Amino acid sequence: MSLIGAYAVPHPPLIVPAVGKGEERAIDTTIQNFTEVAKRVAQHQPDLIIITSPHAPLYRDGFFIADAAQEEGSMARFNAPEERLTIQGDPAFAHHLEEQLHRHSIAVTHRDPDHTIDHGSYVPLYFLAQTLDLSTVPVLRIGLSGLPAQDHRFLGQAIAEVARSTDRRVVLIASGDWSHKLTPDGPYGFAPAGPVFDDTLVDIFSKGSLSELFTIDETLCTEAAECGLRSFQIMAGALEESPFEAELLSYEGPFGVGYGIAAFEVEPLPEDPISQQSTQESCDPLVALARTTVETYVRTGAVVDIPTPLPSTLDTEPAGVFVSLHEKGELRGCIGTISARRETLSEEIITNAICACSRDPRFRPVTPEELPYLSYSVDVLGKPEAIFSLEQLDPKHYGVIVERHGRSGLLLPDLEGVDTVADQLAIAKAKAGIRPAEDVSVKRFEVVRHTKGGEAAFRD
């Protein structure tokens, strides 16, 4: 594997709501596209996220590369100490990268005088934490340096090479604000070079001509009081050997500082499963309710409210319900009830959806990063009826319930790999702890299966 995507992002502390306290609404376009970047990163399912930051430790003659196994940070410097996060590092990747730079006679240090995550890294991490579990996806922080632009370019090339040699799927986040001198009322005042510098970056990122980042006049950069150019040059080096699609997502500067967001996709994004499901499931309120229940519970621990007014498909008699979750085609959880235990069908779905994602004893609880890749089905059971001949069964159309001495086992219809009545009964017996040779009473039931496509498939 190698670099699969890179993103240029800003790092205004006030974009974090605990810091901005409402001021962040002035850069709502930036917030929206930061959220878009976080969603794309999650879709890529990276093995490692690398963040280059102007506010990580900066050394004149070498680069800072974090090699800690774990790092913590907060926005206490910006009067929001309650805003905190913890990340896992990747010491092995850091040392492979250090070896590459040493071969090029470039110094590396792991010394961080502040021993905390800098805000140039924290701000993008704040958004990434909305779509990724940062306890499972490692993050490697890298600082800029006083070395020439070509050394920053080589650092990017080294990142791509180590990603290839270690077979890692790497996403690079190049953190950096643009000019700090866009308006007279901004914190740094106005300089004519400010808008010129930002217009230059808009043109470069829109075209994807990243080699032009190395030809920007140094005097222009100084007069514009830019922040992120060297971070973007590292990104350019990392992308140098890879074809990519460039997209300038947004640019704005309401506080006198330029905030630009650009995406450079090396590997095509997989189809967005959340958007896909939202479109499909909008036709089927039962599946939509199951999905909303799971996503809300997994992300917040809260139980969703019963929808009001109820769609007609939910405003029916209570019934037994099974909620099934699949992840990339594999079963991820399935819990249900043979007959109604709640007063309404919607309550039955909500209860069983929560159990399916968190209490199925065969699986660990669903985690937030899995949510985009889940598909859902809701089976509404008809009333069981006794049978007197196995000829009355059909595993494609009827589910079965087997009973013996107070033990019972249920199997839904139309399951992959269950092609015969004998298979169906054997599995149902095994689920109940009934021996294969033991006699059982058998009931069959019909199912209305609601699938992720929004179509209700009748199993009768």
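The structure displayed is predicted, hence computed values, not measured ones.
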* Can you tell me how far the CD1 atom of Ile49 sits from the CG atom of Leu132, to the nearest 0.5 Å? -> 5.0 Å

* To do: Report the distance from atom SG of Cys355 to atom CD1 of Ile350, rounding to the nearest 0.5 Å.
  => 12.0 Å

* Asked: So, do Pro365 and Cys357 sit near enough that their side-chain heavy atoms are less than 4.5 Å apart?
  -> no

* Asked: Do Arg449 and Asp379 meet the salt-bridge criterion of a basic N to acidic O distance under 4.0 Å?
  -> yes

* When you check the side-chain N and O atoms of Ser175 and His11, is any donor under 3.5 Å from an acceptor? -> yes

* List in chain and number order the residues that pass salt bridge (Lys or Arg N to Asp or Glu O under 4.0 Å) with Asp423, two or more places apart in sequence or in another chain; answer none if no residue qualifies. => none

* Would the number of heavy atoms belonging to other residues, nucleotides or ligands and lying under 6.0 Å from OH of Tyr188 be above 12? -> no

* Structure fact -> Of all heavy-atom pairs linking Gly120 and His55, the shortest is N-CB, 4.1 Å

* Using side-chain contact (heavy atoms from CB on, under 4.5 Å) as the criterion, point out the one residue from Met75, His119, Glu24 that pairs with Val19. => Met75

* Structure fact -> Between the CG atom in Leu412 and the SG atom in Cys334, the distance rounded to the nearest 0.5 Å is 6.0 Å

* Go through the side-chain N and O atoms of Thr367 and Glu370 and say whether any donor and acceptor fall under 3.5 Å apart. => yes

* Side chains of Asp118 and Ser121, donor plus acceptor under 3.5 Å -> yes

* **Gap between atom CG of Asp199 and atom CH2 of Trp178 - 0.5 Å precision** => 9.0 Å

* To do: Please identify each residue that fulfils salt bridge (Lys or Arg N to Asp or Glu O under 4.0 Å) with Glu241, with sequence neighbours left out.
  => none

* Any side-chain hydrogen bond (donor to acceptor under 3.5 Å, both in side chains) pairs touching residues 250-262, not counting sequence neighbours? -> Thr30-Glu252, Asn33-Ser250, Asp198-Tyr251

* To do: Please collect all side-chain hydrogen bond (donor to acceptor under 3.5 Å, both in side chains) contacts where either partner lies in residues 216-239, sequence neighbours excluded, each pair once.
  => Thr52-Ser231

* Asked: Just checking, is any N or O donor in the side chain of Thr86 or Glu71 under 3.5 Å from an acceptor N or O on the other one?
  -> no

* To do: Locate the shortest heavy-atom distance separating Cys221 from Phe197; write the atom from each residue and the value.
  => SG-CE1, 3.9 Å

* Could you tell me whether the side chain of His450 reaches within less than 4.5 Å of the side chain of Val380, counting heavy atoms only? => yes

* To do: Would you name the heavy atoms of Leu128 and Ala38 that are closest together and state the gap between them?
  => CD2-CA, 4.0 Å

* Asked: Under the salt bridge (charged side-chain N to carboxylate O under 4.0 Å, His left out) rule, what pairs show up with a residue in residues 87-109, not counting sequence neighbours?
  -> Asp90-Arg168

* Asked: Cut-off 3.5 Å, side chains only: do Asp185 and Thr183 have a donor facing an acceptor?
  -> yes

* Asked: Are Lys431 and Leu411 side-chain neighbours, meaning at least one heavy-atom pair lies under 4.5 Å?
  -> yes

* Asked: How about His110 and Phe64: are their ring centroids closer than 6.0 Å?
  -> no

* Asked: So do Leu125 and Arg141 actually touch side chain to side chain, heavy atoms under 4.5 Å?
  -> no

* Asked: Which pairs, with at least one residue in residues 122-132 and sequence neighbours excluded, count as a side-chain hydrogen bond (donor to acceptor under 3.5 Å, both in side chains)?
  -> Glu83-Tyr122

* Asked: For Ala224, does its backbone N or O pair with a side-chain atom of Ser179 as donor and acceptor, under 3.5 Å?
  -> yes

* How many angstroms lie between atom OG of Ser74 and atom CD1 of Ile117, to the nearest 0.5 angstrom? -> 9.0 Å

* Are Thr451 and Val287 side-chain neighbours, meaning at least one heavy-atom pair lies under 4.5 Å? -> no

* Asked: Does NZ or CZ of Arg153 fall inside the cone over Phe214's six-membered ring, less than 6.0 Å from its centre and within 45° of the axis?
  -> yes

* Evaluation steps, side-chain contact (heavy atoms from CB on, under 4.5 Å), between Glu265 and His44 -> CA-CA 10 Å; Glu265 304 293 355; His44 275 307; 2.7 Å; yes

* Structure fact -> So CG of Asp360 and CG of Leu331: to nearest 0.5 Å the spacing works out to 7.0 Å

* Classify the side-chain pair Glu240/Gln157 by whether it contains a donor and acceptor separated by less than 3.5 Å. => yes

* To do: Could you verify whether a donor N or O on one side chain and an acceptor N or O on the other, from Ser209 and Glu212, lie under 3.5 Å apart?
  => yes

* Step through the shown structure and confirm whether more than 12 heavy atoms of other residues, nucleotides or ligands are within 6.0 Å of CD on Glu82. => yes

* side-chain contact (heavy atoms from CB on, under 4.5 Å) with Phe232: which of Leu201, Ile204, Leu210? -> Leu201

* Hey, what's the ring geometry for Phe154 with His104, parallel, tilted or perpendicular (30° and 60° as the breaks)? -> parallel

* Asked: Minimum heavy-atom separation for Pro254 to Ile27, with atom names?
  -> CG-CG2, 3.3 Å

* Sub-3.5 Å donor-acceptor pair from the side chain of Tyr373 to the main-chain atoms of Gln43, do we have one? -> yes

* May I ask you to decide if the ring planes of Phe34 and Phe127 are parallel, tilted or perpendicular, using 30° and 60° as cut-offs? => parallel

* Between His102 and His95, does the ring centroid distance fall short of 6.0 Å? -> no

* Step-by-step side-chain contact (heavy atoms from CB on, under 4.5 Å) determination, Arg359 to Ile335 -> CA-CA 8 Å; Arg359 299 170 197 165; Ile335 294 291; 5.8 Å; no

* Between Thr166 and Leu48, does a side-chain contact (heavy atoms from CB on, under 4.5 Å) hold up when you go through it step by step? -> CA-CA 11 Å; Thr166 59; Leu48 172 65; over 6 Å; no

* Test log, rule side-chain contact (heavy atoms from CB on, under 4.5 Å), inputs Val171 and Ile4 -> CA-CA 6 Å; Val171 166; Ile4 54 177; 3.8 Å; yes

* Under 4.5 Å between any side-chain heavy atoms of Leu172 and Ile51, yes or no? -> no

* For Arg25, does the CZ atom sit with more than 12 other heavy atoms under 6.0 Å from it, leaving out its own atoms? -> no

